[in-house]
Amino acid sequence: MSQASGWAAYYEKLRDRPPRRTLLAALDAFGETPADALAVDLGCGDGRDVVEILRRGWSVVAVDAEPEALRQLAARGLPGTITPIAGRMEDVPLPIGVQLVNSSFAMPLCEPEKFHALWERIREALPPGGRFSGQWYGPRDSWVGRPGMTFLTRDEAMALLDGFDIEMFEEEEADGVTPRGNSKHWHIFHIVVRKR
Ligand SMILES: C[S@@+](CC[C@H](N)C(=O)[O-])C[C@H]1O[C@@H](n2cnc3c(N)ncnc32)[C@H](O)[C@@H]1O
């Protein structure tokens, strides 16, 4: 199975799932939708979180490396302002004025060096009061060792979050099954932070 058809099966499987709770917590934490509310969703897939970002009145730049993800996002016919960008999050410039960077289960799919550079760009792009929501993976995740992926210890993750107020930092470790049906030990940090 090619990687692209693998992602197509993933989108199909998760199509009707609700938005991620990290995203919901970040949107709730803003309270009223800010003026000119602009979010970026890095590794947006077919739009599980984009649906909710738009529903709350935000505009969204939706980034995914897989054109199939953006095709399926477009096919949803969602009302609101979406700017789709097909590209790798490591390479895509972050828009001026972004107040929320969301990346659900996608940032660990960057190699470590690019992950750190991307995180610095996210930190710089967000204004004081801006938020990041998403997941990073820990060192006991069973995908450790896969090339091109980033895993962080709790201490490393906390160090990267220096300069942010932590609104959610939940560590999850559990045996489970991936959406594609493979056994997996998950070690996940669920993160919502606000730039000081
Ligand atoms: C596990 S899925 C998560 C999708 C969605 N965010 C969600 O929560 O359901 C990861 C997504 O990230 C995309 N992706 C993987 N590596 C990427 C990269 N370097 N840049 C942009 N998108 C990437 C994949 O194509 C896929 O759609």
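Start at 1 and go down the list; that is how both ligands and their atoms are numbered.
- Not counting sequence neighbours, the partners of H187 by the ring pair (Phe, Tyr, Trp, His ring centres under 6.0 Å) test are F189.
- Between the D36 side chain and the G97 main chain, no donor and acceptor come within less than 3.5 Å of each other.
- Contact check on E68 versus R71 returns a salt bridge, with a Lys/Arg side-chain nitrogen under 4.0 Å from an Asp/Glu carboxylate oxygen.
- Protein residues with a heavy atom under 4.0 Å from ligand 1 are W7, Y10, Y11, R20, G43, C44, G45, R48, D64, A65, E66, G87, R88, M89, E90, S104, F105, A106, L109.
- Note on residues 22-70: pairs passing ring pair (Phe, Tyr, Trp, His ring centres under 6.0 Å), not counting sequence neighbours, are F30-W58.
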Distance-only donor-acceptor pairs under 3.5 Å for side chains of residues 106-119, two or more places apart:
unit_1 : atom_1 : unit_2 : atom_2 : d
H116   : ND1    : P112   : O      : 2.8
W119   : NE1    : L160   : O      : 2.9

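- For D28 and R56, the salt-bridge test passes: some basic side-chain N is under 4.0 Å from an acidic carboxylate O.
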